[in-house]
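Counting starts at 1 for both ligands and their atoms, in listed order. Just so you know, these numbers come straight off a predicted model, no measurement behind them.
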Amino acid sequence: MARILVTGGTGYIGSHTTVELMQQGYDVTIVDNLSNSSIDVLDGIAAIVGKKPDFANIDCGNFVDLDAVFKQYPDIVGVIHFAASKAVGESVEKPLLYYRNNLGSLCTLLEVMRLHQVTNLVFSSSCTVYGQPDAAHLPVDETAPIQAALSPYGNTKQINEEIIRDEAHADKTLNATILRYFNPIGAHPSAHIGELPNGVPQNLLPFITQTATGLRPELKVFGNDYNTPDGSCIRDYIYVVDLAKAHVKAIDRMLNAADREQVEVFNLGTGTGLSVLTLINEFEAATGVKIPYTIVGRREGDIEQVWAAPKKANEVLGWKADTPIRDVLASAWKWEKRIRNIK
Ligand code: UD1
């Protein structure tokens, strides 16, 4: 069976994708420098699929180390590139770290792929490239205009997409699939893997689950004066396992479809927008746990509302994010309880 290289494979989305790839019969080699993940994730993956993926503790920006991995695994037929720094606030504080890490690792990866004639790349991008779409572009499909990034992190996603397009133009053998994620949430139903935020969570659902355990006294809802039905921001929350499955579909398509374009872009979301206050209510309904919260001022740089038009992914990839939101929220709570040893 074919082997897929997963960069950042011990991270949140990378680990769930590795599970889905292995369950579909792919061999997987993970490369990760463990800068924002734990080696124990490999045990979590093994507990689900019955064996550990191959693993190399290297930095994707290191040409010599990455080259050695491609030499060791000549059966690699495709790469899914997750490895990147992803904290929006930190990227504002340390822009050079983000540009060096997120741009440098992609350039190195593309060089090594070309050297070893590996021609299939799936790239982990974000709906952040659309900024706040105007009303005519909601829900957002892939033709919506790209807008100036609000953070160095967002900018690295935009530049990475451009790097891929330029390289594909220069090297006609390179196939790329750019996946623009909306808001990934939840954990594997087994609770063997899930999201492990560093320190105080910046993202909504990890903050909710930590508040549910009592670790945080209350959730702060950033603004209720937006132009939305209940005044809080709207996002498209997509189950991480559904998202992981889309990567397998993208790889399958790259390896099998004759009619694909050289660079393809897909929005990965559910097609439904939920407000912050709705998500809190749904969490309470799914788990029976009350979330204490207060409304505070808006968070700088937040987008009012964005959700996906996933039609292209539904039709072309034959994929749909259809796990009910309460099951998704219950999976996040099961995972949080497991890592906190709560019964
Ligand atoms: C953020 C990034 C996005 C990145 C994604 C990665 C910004 C502007 N966007 O998305 O580029 O790809 O994370 O995970 O930072 N909220 C609260 N209280 C909280 C935390 C969040 O009310 O304690 C609200 C936010 O205001 C927002 C919603 O919850 O309306 C979702 O926030 P978050 O999970 O941080 O995701 P995004 O901001 O959509």
Counting heavy atoms under 4.0 Å, the part of I303 that contacts ligand 1 is neither
among protein heavy atoms, the one nearest atom 16 (N) of ligand 1 is F222 CD1, 3.6 Å
protein heavy-atom neighbour closest to atom 27 (C) of ligand 1 works out as R235 NH2, 3.7 Å
The answer for which part of Q202 has a heavy atom under 4.0 Å from ligand 1 is backbone
So for T128 against ligand 1, with non-hydrogen atoms under 4.0 Å, the contacting part is side chain
re atom 4 (C) of ligand 1, the protein heavy-atom contact at minimum distance is Y153 CE2, 3.8 Å
(request) Give yes or no for whether the N/O distance cutoff of 3.5 Å, strictly under, is met between K86 and ligand 1. (result) no
* **Atom NZ of K172 with >12 non-hydrogen neighbours under 6.0 angstrom** => yes
protein heavy-atom neighbour closest to atom 35 (O) of ligand 1 works out as R299 NH2, 2.9 Å
Practice item. Would you please indicate yes or no on a ring centroid separation below 6.0 angstrom for Y239 and H16? Key: no
shortest atom 8 (C) of ligand 1-to-protein heavy-atom contact is with G301 O, 3.5 Å
the protein heavy atom lying closest to atom 30 (O) of ligand 1 turns out to be C233 CB, 3.0 Å
among protein heavy atoms, the one nearest atom 9 (N) of ligand 1 is V88 CG2, 4.1 Å
re atom 14 (O) of ligand 1, the protein heavy-atom contact at minimum distance is N203 ND2, 3.1 Å
Could an N or O of ligand 1 be found under 3.5 Å from any N or O of V221, whether backbone or side chain? no
Please determine, by modelled atom types, if Y12 and N36 share a side-chain donor-acceptor pair under 3.5 angstrom. no
